[in-house]
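Reviewing the structure listed below.
Nothing fancy with the numbering, it's 1 onward along the sequence. Indexing begins at 1, ligand by ligand and atom by atom, following the structure's order. Hydrogens, waters and symmetry mates are skipped; everything else that's a heavy atom, side chains included, is used.
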Amino acid sequence: MRVFVTGATGFMGTAVVRELIDAGHQVVGLVRSDAAAKSLAAAGAGVHRGSLDDLESLRSGAAAADGVIHIAFTLDFLNYGRAAEEDRRAIETLGGALAGSDRPLIVTSAIGPAQRQGSLTTEEDTPNPNSPRKSEEAALALEARGARTSVLRLAPSVHDDGDHGFVQRLISIAREKGVSAFIGDGLHRWSAAHRLDAAHLYRLALEKGSAAARYHGVADEGVPTREIAEVIGQHLNVPVVSKSREEAAAHFGWIALFFGRDSSASSALTQERLGWCPVQPGLIANLKAGHYFEHPADAVLSRS
Ligand SMILES: NC(=O)c1ccc[n+]([C@@H]2O[C@H](COP(=O)([O-])OP(=O)(O)OC[C@H]3O[C@@H](n4cnc5c(N)ncnc54)[C@H](OP(=O)(O)O)[C@@H]3O)[C@@H](O)[C@H]2O)c1
């Protein structure tokens with residue numbers, strides 16, 4: 001299959017490109033810089049110049065493909081509303097180019113918008129209408145236009161070498177503050193998936209997914225946030241402490257909003273429907289392996 005991938009040069013996308021090429025697919029990735037074009041070509045994929053705000057580039061990329069995987073997202077938490085609107089328009093455009101055909105579109109979303117505090121989120125849970133990210137609603141609305149679209153919700157921590165997401169941020173904060181903290185009793189849980197397992201799931205969704213389905217890229221259903229703080233504390237050799245909800249914003253900054261929430265989720269239906277079986281190490285095992293801490297700046301520079 002000729003597959004058009006947006007976000008092909010990012011943390012998740014590079015693994016998806018590798019997974020698709022290894023399975024015999026031809027991949028063309030959206031790129032917006034010479035450096036990205038070079039790395040994508042080196043990975044064995046074709047290059048399609050454009051960006052999320054260049055809708056014509058998305059339309060032409062999708063029109064020439066047998067299937068599309070949309071992963072790109074402008075990760076700007078300070079302008080999240082604008083990034084979410086850009087994403088919504090990009091999805092509408094990609095889906096419009098596939099409408100009326102049987103060519104699949106897999107849209108990336110996150111567990112967060114569908115999360116219900118205190119319960120395990122399943123594929124049946126619908127997103128909170130107040131969530132700014134509308135990837136899912138935009139994707140599933142395309143069904144009415146005859147596009148074969150499904151949604152892949154990623155866990156808040158997709159982990160592996162090169163992770164620059166929430167866990168890496170927690171490590172940086174622990175280094176900077178000289179303590180590794182959790183919020184409250186630290187019993188609320190985070191779901192997680194290894195990047196290679198998630199990449200395999202994208203391929204299964206592309207090859208055998210159903211229209212209007214929601215899939216969960218979740219391998220660890222729920223890792224207590226206290227355990228995450230403990231393993232970070234051990235590796236950085238700093239004390240592990242609890243912060244109250246009132247103290248959390250000052251300690252963690254914007255990430256307090258995410259680290260303070262329960263985001264446990266199940267992928268039982270995904271595993272049953274697609275035969276997906278995560279085989280890679282879990283989040284704690286991956287942290288214990290140490291590569292998250294191998295950066296030269298791993299020494300704690302200052303202690304408060
Ligand atoms: N990583 C996680 O733990 C995690 C967890 C939950 C959900 N997600 C979701 O997964 C998706 C990918 O995450 P990631 O960690 O792979 O992000 P990433 O490493 O920052 O990669 C983002 C990718 O999107 C591309 N991109 C960003 N803005 C673009 C724009 N305006 N036009 C064209 N391309 C653009 C980037 O291209 P350049 O190479 O040119 O920068 C890059 O290829 C996002 O939707 C994210 O919300 C990730």
What heavy-atom pair brings Leu20 and Val5 nearest, and what distance separates the two atoms? CD1-CG2, 3.9 Å
If you measure only the distance, is there a donor-acceptor pair under 3.5 Å linking the side chains of His25 and Glu207? yes
Considering only the protein, which heavy-atom contact is closest to atom 40 (O) of ligand 1, and what is its distance? Arg32 NE, 2.8 Å
Taking only heavy atoms of His164, which atoms of ligand 1 are found under 4.0 Å from at least one of them? 18 (P), 19 (O), 20 (O)
Specify whether Trp254 and Phe166 have parallel, tilted or perpendicular ring planes, treating 30° as the upper limit for parallel and 60° as the lower limit for perpendicular. tilted
Indicate yes or no: does Arg32 engage Asp53 in a salt bridge with an N to O separation below 4.0 Å. no
In this structure, atom 3 (O) of ligand 1 is nearest to the protein heavy atom Val158 N, 3.0 Å
For the residue pair Arg133 and Pro113, what are the closest heavy atoms and their distance? CB-CG, 4.5 Å
With heavy atoms under 4.0 Å as the rule, classify the contact between Ser33 and ligand 1 as side chain, backbone, both or neither. neither
Quick test: of every protein heavy atom, which one is nearest to atom 21 (O) of ligand 1, and how far off is it to 0.1 Å? Gly10 CA, 3.3 Å
Check if Gly7 has a non-hydrogen atom at a distance under 4.0 Å from any atom of ligand 1. yes
Just to confirm my output: which protein heavy-atom neighbour is closest to atom 15 (O) of ligand 1, and how far is it? Phe11 CB, 3.8 Å
Which part of Ala155 is near ligand 1, with near meaning a heavy atom under 4.0 Å away: side chain, backbone, both or neither? backbone
How far apart are the C-alpha atoms of Asn286 and His291, what are their side-chain angles, what is the distance that settles it, and do they pass the side chain to side chain donor-acceptor pair (under 3.5 Å) test? CA-CA 8 Å; Asn286 210 352; His291 54 84; 2.5 Å; yes
Regarding Arg169 and the six-membered ring of Phe259, is the cationic atom NZ or CZ under 6.0 Å from the ring centre and inside 45° of its axis? no
Would you say CZ of Arg82 has more than 12 non-hydrogen atoms from neighbouring residues, nucleotides or ligands within 6.0 angstrom? no
Anything under 30° is parallel, anything over 60° is perpendicular, the rest tilted; go ahead and classify Phe73 against Tyr80. tilted
Who's the nearest protein heavy-atom neighbour of atom 32 (N) of ligand 1, and how far? Leu52 N, 2.9 Å
For ligand 1, indicate whether the residue Thr108 contacts it via side chain, backbone, both or neither (heavy-atom separation under 4.0 Å). side chain
With heavy atoms of Ser51 as the reference, note each atom of ligand 1 found under 4.0 Å away. 32 (N), 33 (C)
Which of the numbered atoms in ligand 1 are below 4.0 angstrom from a heavy atom of Ala72? 24 (O), 25 (C), 26 (N), 34 (N), 35 (C)
Between ligand 1 and Leu30, is the shortest N or O to N or O distance under 3.5 Å? no
Ligand 1 atoms in contact with Pro156 (distance to a heavy atom under 4.0 Å): 3 (O), 5 (C)
Can you sort out which atoms of ligand 1 are near Thr9, meaning under 4.0 Å from one of its heavy atoms? 37 (O), 38 (P), 39 (O), 42 (C), 43 (O)
Which ligand 1 atoms, with their elements, are less than 4.0 angstrom from a heavy-atom of Leu75? 17 (O), 20 (O), 47 (O)
Side chains of Tyr215 and Ser267 only: does a donor on one sit below 3.5 Å from an acceptor on the other? no
Any nitrogen or oxygen of Arg133, main chain or side chain, under 3.5 Å from a nitrogen or oxygen of ligand 1? yes
If we ignore angles and hydrogens, is there a donor and acceptor under 3.5 Å between the side chains of His216 and Thr270? no
At what distance is the nearest protein heavy atom to atom 8 (N) of ligand 1, and which residue and atom is it? Leu154 CD1, 3.7 Å
Return yes or no for this condition: an N or O of Asp163 is under 3.5 Å from an N or O of ligand 1. no
Short N/O distance, under 3.5 Å, between Met12 and ligand 1? yes
Give the residue and atom name of whichever protein heavy atom lies nearest to atom 11 (C) of ligand 1, and the separation in Å to one decimal. Ile71 O, 3.2 Å
Partner of Arg214 under salt bridge (Lys or Arg N to Asp or Glu O under 4.0 Å), picked from Glu123, Glu124, Glu136, is Glu136
Nearest heavy atoms of Leu40 and Gly46, plus distance in Å: CD2-O, 3.4 Å
